[in-house]
Amino acid sequence: MGFLFGNKEELERKIEELTGEIAGLNKAVASKNTTITTLKDENNGLKAEMTRELDRQATLGKQIEILGNELKEKDGLLEALRAEAEELKAKSLSGRQMEIVEKNLKDNQRIIADYKAETERLGNRIRGLENENRRLTELLSINGLSAGDPDRRRCTYKIPLEIFFPIKEYQEIIDKLHETGIFFVQDIGGILGSEAMAGARKQPEAAKKVQNFEKGRMSWQVRTTLVKGEPITTVFKKKKKFSQYLAEQGLEFMDELADFDWTALQNTSFTGSQMREFQETAEEYFRNNTIG
């Protein structure tokens, strides 16, 4: 009887343990489902944003084509006016005819000047559109995408204050934020409107820049840092030989070291202690500079 009783107690204990494990797994599954739902929502938002960027790129390309055609037409008219002016100059004319020719020449010169100004304006507009088109193409490239690929991964890197605020203009703001323990833009929150920042030079401008950042309006350097992290040469500024080695491998930003094969350094002249130091520096950067 004792043997059977002992087996029953053991079974009850096992059942209790399994019940606890099942409850824990259910909680974990629920948490994962919530995370998946959140990530899906974020991904859909990012896809929509990229679609808008691609549409804008297509529109800019069409505008460049239209303005280019206009520029060619105006160049042709300009040359025709010049030829007419030269032809009139070459003819021997009477006094009255000369007056008419001189009047026509002045009118033509005015027209030529107007077309020159219009041509320059169109040229500047085309160059501006071409620059914007290149910016959008580079934005896709930075994310490892082509124009036909609407997927993009999350922006995960913190923005150091020194990258976000031009130092010459905002040194006082940067110093005050450092004094309060803030070193990244994403950590600023509402502190720019607090007493700690009262009287600081450029405080209203700094607050506006942060508001624009939160709306997705930022400089190209800041946007690149948000997606790719800081340049490797910045993080490893005292390790120039290592930075040069990575540059030769085509690596420029810290994000590109996220899946770097550190064992590849065994085939280089770097010592074991140097390799460990490089890897520890990168891991520390990812710990302190990534969001979430």
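This chain uses plain numbering: 1 for the first residue, then up along the sequence. All heavy atoms count here, side chains included; hydrogens, waters and symmetry mates do not.
- Leu161 contributes atom CG, which lies 4.5 Å from atom NE2 of His178 (distance to the nearest 0.5 angstrom).
- Listed by first then second residue, pairs satisfying side-chain hydrogen bond (donor to acceptor under 3.5 Å, both in side chains) with a partner in residues 273-283 read Lys239-Glu277, Thr271-Ser273, Thr271-Gln274, Gln279-Glu283, not counting sequence neighbours.
- Taking the side chain as every heavy atom from C-beta outward, Lys158 and Val185 never approach each other to under 4.5 Å.
- Nearest heavy-atom pair across Lys209 and Pro166 is CE-CD, 4.3 Å.
- The minimum heavy-atom distance linking Leu192 with Ile188 is given by the pair CG-CG2, 3.8 Å.
- Applying the side chain to side chain donor-acceptor pair (under 3.5 Å) rule to Gln211 yields no partners; only residues at least two apart in sequence or on another chain are considered.
- Among residues at least two apart or in separate chains, there is no salt bridge (charged side-chain N to carboxylate O under 4.0 Å, His left out) pair with a member in residues 173-183.
- Residue Glu195 qualifies as open at atom CD: its count of foreign heavy atoms under 6.0 Å is 12 or below.
- Checked by atom type and distance alone, the side chain of Arg223 pairs as donor or acceptor with a backbone atom of Gly216 at under 3.5 Å.
- Ionic pairing of Glu169 and Lys202 is present here: one or more N-O contacts between side-chain nitrogen and carboxylate oxygen are shorter than 4.0 angstrom.
- Atom-to-atom distance recorded for Tyr245:OH and Phe278:CZ is 10.5 Å, nearest 0.5 angstrom.
- Annotation: side chain to side chain donor-acceptor pair (under 3.5 Å) contacts of Lys208 (sequence neighbours excluded): none.
- A distance of 10.0 Å separates OH of Tyr285 from CG of Leu257, quoted to the nearest 0.5 Å.
- Taking CD1 of Ile191 as the start and CD1 of Ile182 as the end, the distance is 3.5 Å to the nearest 0.5 Å.
- The minimum heavy-atom distance linking Glu230 with Pro160 is given by the pair OE2-CG, 3.4 Å.
- Side-chain atoms of Gln186 come within 3.5 Å of backbone N or O of Tyr157 as a donor-acceptor pair.
- Other cluster members for Phe184: Phe183, joined by side-chain heavy-atom distances under 4.5 Å among Ile, Leu, Val, Met, Phe, Trp and Tyr.
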>> Show, in sequence, the C-alpha distance, side-chain angles and deciding distance for Ile232 and Met254, and conclude whether the side chain to side chain contact (heavy atoms under 4.5 Å, CB included) test is met.
In response: CA-CA 5 Å; Ile232 289 172; Met254 287 300 295; 4.0 Å; yes
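- From Met218, atom CE reaches atom OG1 of Thr225 across 10.5 Å, with rounding to the nearest 0.5 Å.
- Interatomic distance, CG of Asp255 versus CG of Leu226, reported as 11.0 Å (0.5 Å rounding).
- Here the closest non-hydrogen pair linking Glu256 and Gly250 is OE1-O, 4.2 Å.
- Using the six-membered ring where Trp is involved, Tyr170 and Phe165 have ring planes that are tilted, between 30° and 60° apart.
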Going by atom type alone, with no hydrogens or angles, which donor-acceptor pairs under 3.5 Å involve a side-chain atom of residues 259-268 and a protein atom two or more places apart or on another chain?
| from | atom 1 | to | atom 2 | distance (Å) |
| --- | --- | --- | --- | --- |
| Asp261 | OD1 | Thr263 | N | 3.2 |
| Asp261 | OD1 | Thr263 | OG1 | 2.4 |
| Asp261 | OD2 | Thr263 | OG1 | 3.2 |
| Thr268 | OG1 | Leu265 | O | 2.5 |
| Thr268 | OG1 | Phe270 | N | 3.3 |

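- Between Ala200 and Ile173 the shortest heavy-atom distance is CB-CD1, 3.8 Å.
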